[in-house]
Each structure stands twice: as C-alpha cells, then as structure tokens.
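First the structure, in the form of structure tokens, and then the observations on it.
Quick note on labels: first sequence line is chain A, next is B, and so on, each numbered from 1.
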Number of protein chains: 2
Amino acid sequence: MGMPPPAGAGAARRDSMRAILAAAELVFSRRGFEGARMAEIAAESGLPKANLHYYFGTKERLYRAVLEDIIRQWLDTAAAWIVPEHAPAEALAGYVRAKLMDARVRPGASRIFAGELLRGAPLLMPFLADELRRRVGEMAAVIEGWAARGLIGPVAPAHLFFCIWAMTQTYADFDVQVRAVLGPSADEDAIFAAAEATVTQLVLHGSFVRDNVAILNT
Amino acid sequence: MGMPPPAGAGAARRDSMRAILAAAELVFSRRGFEGARMAEIAAESGLPKANLHYYFGTKERLYRAVLEDIIRQWLDTAAAWIVPEHAPAEALAGYVRAKLMDARVRPGASRIFAGELLRGAPLLMPFLADELRRRVGEMAAVIEGWAARGLIGPVAPAHLFFCIWAMTQTYADFDVQVRAVLGPSADEDAIFAAAEATVTQLVLHGSFVRDNVAILNT
DNA sequence: ACCGAATCTGACCGTCCGGTCAAGATTCCC
DNA sequence: GGGAATCTTGACCGGACGGTCAGATTCGGT
C-alpha cells in the first residue's frame, strides 16, 4: 500500500500538501477539472507527479480537497455578514464588499466553484442539497425578520442571494469579459470600485432597504 | 484530402451538420470543451464519429461553430431591446425577460458561453475585445441618453449590463444550485416567475428607472 | 443508365495522461 | 546509532481519445 497514514503530522507532510493544494487551485481554476493535468499541477508545485498521488491518491480526491477549502471560505463570508444583529444596509453592503474582495484576491476559487456547478455539480450536489440549502434557509429567515420589522421591502430572499452571488462572482468568473469590454484603460482598482458601487446600489435600492429609500425620497 | 468543398449545398450536408451541431451543443454544455468526447457527440447525433471530422475537421472547429451560433443569439437579444426608442422600464424589463427566457429554453448555450469565459476565453477573446466591446459601447450610449433625459438614475452602464447578464445567466449556468437550494417542491414555472420578479425589481429600482421611482414614492 | 462528386463508415493509429511501482533518501523515535 | 516509518522520485503501464484513411455507398446532373 502506498497510502499515507490517516493522520500523520510531519512537517514535510504539511508543507508538501500545502504546495500541492495551492498549485492545484491555480491549475484547476485555469483549466477546469477535465482540462487540468496532473503533470502541470506537479510542475507548478515544484514536486514530482508521483508525489501528488502519494498524498491525494487520485485527481478527483485532490480536486475534492481543493473544493472543500473553497466552500469553507464561501460559508464563512456569508455567516459573518448575514446575521440579524446587523442592520440590512450594513449587512448587505458588507456582504457584497466581502464577496467582491474574495472575487478579487482569490478569483480562482470562484472559478473552480463555477466550473463545478456548470458541470452539474457531480461532487458538490450533497453539499448544495444539504448544508447550503440549510444555510440559505437561515439567511432567508434573517431577511424575513428585517422585512417583518419594515427594514427591507418585499423581495424573495433566496433569489436575492442568487442575484448577489451572480453579480459578485461574475467579476471573478468572467473577468476576461469585464476587462475586454472595459478596455485596457480600466485598471483593477477602478473596476472593483465601480463594481461595488453598482452592485451595492442594485441590491440596496432594488430591495428597498430603509435607509436608502429615505435617501431616494429626498 | 477528406475536406468537403467550401460551400456545397446538398440536403444531406445540411441535415447532417444540423444534427451534429445540436448534439455538440448538448454535449459541450454538459461536459465543457475538455470534458466533451467526440464519440459521445457522435452517439448523440446518431452519426459515426468519422462523420463529424468529415464536416468539421477537428473538435475545436466544431466547438467554434457551436460558439458562433450562440453568440449570434446573444447579440440579437440585446439588439432587440436596448434601443433608444424604448422607454427604459420596458427596455430593461423586456431584456431581462428575454434573457431569462433564453436561459430557460436554451440553458446549454449559456453554459457553453460561461465555460468558454471561465477558461479565459481562448477562442472568444477577439469577439469580446472587438464586437462585444463595440456593442456594449452602443448600449451604454443608450443608457446615457436616458440618463441625460432624466429617465434613469446615475449608474455605470457597462456594470449595469455585467450585472444583468450575471443575474439572468445564473439561472441557466448554476441551475443545479438554484434547484438544490429551493428544494424539490419548486417547479420550473415558479422559479422563473420569481427570478423575473426579483431581477426586474433589482434592475429597475436599483437603477432608478423613472416610472418605478414614482411608484416607490407613493 | 451512367459517371464523377459528395457522403458515409468501420477499422485503425499515435499520443497523451492518470495512475503504479519499486527502489532510494530522509526523518523520527528509542 | 540503528531500524522502522515516512517521504521522494524516475521509469513505466494500459487505456482512452482525437484524428486518419481507404473503401463502400449514395446523389446529382445529363
């Protein structure tokens, strides 16, 4: 058996796995699961190919490991902002800002997630149907709580989140399109500043968040 | 030379190519470019694999042909709605409705487009930088015309379109996620009705389209 | 009916790629 | 210091996949 022990704690182990995971995230995000080559991940990580298989067994298990990392961040961002203690305006604006920041500093993660969904989510389906569904249910309850207190207008909470995810992640997933359309003169700072302004405006005014409606009425 | 003549007009030719293109759109949309297998496209089309190569030469040329079809529809929908003759409310609502209809009846097209962008648009880059960029410029001019007449509030036109595309196409690209989160009780009619209501609301109120602001102020 | 062009097709090929393996190097623990 | 466990590595498979080809079949014009 070439399989490593279930839970070793060697330093070499940790370093190698980290390097492999980072290289894998890069290559999977550029090429997709099918397009990614183990040899390219190996080259990117600076380790021989056999080493990847020593630690992760198969391409699919390596991909799964990368996905789990991504999902953890995804859920953390939502949990940090969509909570009843926040006012709707700061919660939604903060969430949009945080998601755009993720899209900017770690676009590969968003792309891998997108690629997985595009393929019909063969590996992520259990997560989507169980944990994500539950989390969205909780987030929807927060929205409905705000609505009941008149802090936010009528809006279908789940769809509001679909739209927020779509708008924010598009700046990572389809970033080539954004850059091509805006042309070479648009630098990254300007793009993300305009993106945040636009998405925030659509979300806050589009869902009648109270403070903003007040501003609107002046 | 196995290459067919530049522009034959046989009936068999037309039928075979149609069948191949339809099968290719299906398979490319489910598996992506790298994941798609020529053998699967052949099986789906009911023709032997050698036939695909007779008409299209290579996998990449077949994929290109599918992409061109998709782009034509993409541009047509935009050209039909975002014109200065329309009032902003009907133009934007109509565009959203049309894009959601496309997402519903031809989700594979949207997914192929998304997959191409995800991979960095190796084949679509010229289109993005030339034709799409020009078209978005024209559409932005329409928005700015409305803004100058006070029919729509301040909004960055290009980003408004990025957001509209993101929100509408997410219902095709990430449809597994939508279904998983909403659960088995949500049928397609209900999903798309709620999607249209939500996206339209975000776009119209979020960009201060006049009619809607008036409604808001009552 | 005839003939060249167009279309179709099964069998085949070379390459690429995920995965394996066995032997060598290093680390860890007593 | 020694032996076992862990880690590293180049060389090597077997299957899958895009693409080819030569021969069979059909089509279109006269």
Side-chain angles (χ1 to χ4, degrees), chain A residues 1-28 30-67 115 119 122-123, chain B residues 1-28 30-67 115 119 122-123:
Chain A
M1 278 295 137
M3 268 289 89
R13 182 180 196 78
R14 206 199 52 228
D15 291 348
S16 289
M17 289 181 79
R18 252 203 246 288
I20 293 168
L21 283 171
E25 182 171 317
L26 189 69
V27 175
F28 279 131
R30 284 202 293 233
R31 317 262 189 223
F33 176 74
E34 298 277 357
R37 301 292 164 233
M38 292 300 273
E40 189 180 353
I41 297 175
E44 190 70 41
S45 74
L47 276 65
K49 182 164 68 88
N51 217 311
L52 316 200
H53 286 99
Y54 174 71
Y55 282 114
F56 293 94
T58 67
K59 185 183 183 184
E60 188 189 304
R61 275 214 286 279
L62 173 55
Y63 180 68
R64 279 198 133 93
V66 172
L67 270 181
R119 294 173 17 82
L123 302 183
Chain B
M1 278 292 146
M3 267 288 92
R13 183 180 196 78
R14 208 200 51 228
D15 291 347
S16 290
M17 288 182 78
R18 254 203 245 286
I20 292 167
L21 283 171
E25 182 171 317
L26 189 70
V27 174
F28 280 130
R30 284 203 294 233
R31 316 263 189 223
F33 176 73
E34 298 277 356
R37 300 293 163 230
M38 291 300 272
E40 189 180 353
I41 297 175
E44 190 70 42
S45 73
L47 275 64
K49 182 163 67 88
N51 217 309
L52 316 200
H53 286 99
Y54 174 70
Y55 281 115
F56 293 94
T58 67
K59 185 184 183 184
E60 189 190 304
R61 276 213 286 278
L62 173 55
Y63 180 69
R64 280 198 135 92
V66 173
L67 269 182
R119 296 174 19 81
L123 302 183

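- The side chain of A:Ala50 sits closest to C:dC21 out of D:dG19, D:dT8, C:dC21.
- Scanning all heavy atoms of the two residues, the minimum distance from A:Val27 to A:Arg37 falls at CG1-N, 4.4 Å.
- Of the candidates D:dT8, C:dT20, D:dT20, the closest approach to any side-chain atom of A:His53 belongs to C:dT20.
- The side chain of B:Arg13 contributes no N or O atom lying less than 4.0 Å from OP1 or OP2 of C:dA6.
- Summarising the geometry, atom CE belonging to B:Met38 is positioned 7.5 Å from atom OG1 belonging to B:Thr58; distances are rounded to the nearest 0.5 Å.
- Atom-to-atom, CZ of A:Phe56 to P of D:dC7 comes out at 12 Å; the value is rounded to the nearest Å.
- Following rounding to the nearest Å, A:Ile20 (CD1) and D:dC7 (P) show an atom-to-atom distance of 11 Å.
- A straight line from CG of B:Asn51 to C1' of D:dC21 spans 14 Å, rounded to a whole angstrom.
- Protein atom OH of A:Tyr55 is 13 Å distant from nucleotide atom C1' of D:dT9, rounded to whole Å.
- Comparing the end axes of the helix from C:dA1-D:dT30 to C:dC30-D:dG1, each fitted to five base pairs by superposing C1' atoms of four pairs onto the next four, gives an inter-axis angle of 30° (nearest 10 degrees).
- The two residues B:Ala42 and B:Leu52 make their nearest non-hydrogen contact at N-CD1, 3.9 Å.
- Looking at B:Phe33 and A:Glu34, their side chains never come closer than 4.5 Å, going by heavy atoms from C-beta outward.
- Counting heavy atoms from C-beta on, the side chains of A:His53 and A:Arg61 never come closer than 4.5 Å.
- For the pair A:Tyr54 and C:dC21, the criterion of a side-chain N or O lying under 4.0 Å from OP1 or OP2 is not met.
- Residue B:Lys49 places a side-chain atom within donor-acceptor reach of the base of D:dG19, judged by atom type and a 3.5 Å distance cut-off alone.
- One finds a side-chain N or O of A:Ser16 lying less than 4.0 angstrom from the OP1 or OP2 phosphate oxygen of D:dT8.
- B:Lys59 places its NZ atom 5 Å from the P atom of D:dG18, with the value rounded to the nearest Å.
- With contacts defined as side-chain heavy-atom distances shorter than 4.5 Å, the pair A:Tyr55/A:Arg13 qualifies.
- Counting heavy atoms from C-beta outward, B:Phe28 and B:Ile41 have side chains that approach closer than 4.5 Å.
- Contacts with DNA chain C (heavy atom under 4.0 Å) in residues 31-45 of chain B: none are found.
- Here the shortest heavy-atom pairing between B:Ser45 and B:Ala19 reads CB-O, 3.8 Å.
- Taking atom CG on A:Leu62 and atom P on C:dG19, their separation rounds to 10 Å, with Å as the unit.
- Summarising the geometry, the separation between CG on A:Leu52 and P on D:dT9 is reported as 11 Å, rounded to the nearest angstrom.
- Atom CD of A:Glu40 sits about 5.5 Å away from atom CZ of A:Arg30, to the nearest 0.5 Å.
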